[in-house]
Amino acid sequence: GRLDRIVGLDQAVPNVLRTAVSVLAACSQASRDDPAKAEELAVRAVVLLRKCLNAGYDNLRHLEADGHLDCLRSRSDFQLVLADLQAAEQ
């Protein structure tokens, strides 16, 4: 898809991916009536978030506070991303 084509283009990618993660997280929250779709979107959101961090995004405070990501907070894969970012800050 379009997001796959933009990954890795330049330093603007982290901002684009962060926005995509927020949108996907919101979609995941809205898809509660379709658990399979919600899971698919949540997994994609965490994958995009990981790509964002790999591209240099490091605003842990934003990730901890962004309400769009609330539906991801209980996921172990999301918690691992946050833990990795916390470790990188130290």
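Residue numbers start at 1 and run along the sequence shown. Since the structure is predicted, the reported quantities are computational estimates derived from the model, not experimental observations.
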S.K.: Measuring from Tyr57:OH to Leu49:CG, what's the distance to the nearest 0.5 Å?
M.R.: 8.5 Å
S.K.: Can you list the steps and then say if Arg75 with Glu39 is a salt bridge (charged side-chain N to carboxylate O under 4.0 Å, His left out)?
M.R.: CA-CA 10 Å; Arg75 298 180 57 86; Glu39 176 65 13; 2.8 Å; yes
S.K.: Between Arg50 and Asp77, does any NZ, NE, NH1 or NH2 come within less than 4.0 Å of an OD or OE carboxylate oxygen?
M.R.: no
S.K.: Can Arg61 and Glu64 be counted as an ion pair, charged N to O under 4.0 angstrom?
M.R.: no
S.K.: Heavy atoms only: give me the nearest Gln86-Leu60 pair and the separation to one decimal.
M.R.: CG-CD2, 3.3 Å
S.K.: Does a side-chain heavy-atom distance below 4.5 Å link Val81 with Leu53?
M.R.: yes
S.K.: In sequence, state the C-alpha distance, the side-chain angles, and the governing distance for Arg44 and Val47, and then conclude on side chain to side chain contact (heavy atoms under 4.5 Å, CB included).
M.R.: CA-CA 5 Å; Arg44 182 137 169 88; Val47 167; 5.6 Å; no
S.K.: Would you say the side chain of Leu82 lies within less than 4.5 Å of the side chain of Gln79, judging by non-hydrogen atoms?
M.R.: no
S.K.: Measuring from atom CG of Asn54 to atom NZ of Lys51, what distance do you get when rounded to the nearest 0.5 angstrom?
M.R.: 9.5 Å
S.K.: By the definition side-chain contact (heavy atoms from CB on, under 4.5 Å), identify the one residue from Leu72, Leu69, Asp58 that meets it with Leu63.
M.R.: Leu69
S.K.: For residues Asp66 and His68, report the shortest heavy-atom separation together with the two atoms involved.
M.R.: OD1-N, 2.8 Å
S.K.: Looking at every non-hydrogen atom in both residues, tell me the closest pair between Leu85 and Asn59 and how far apart they are.
M.R.: CD2-C, 4.3 Å
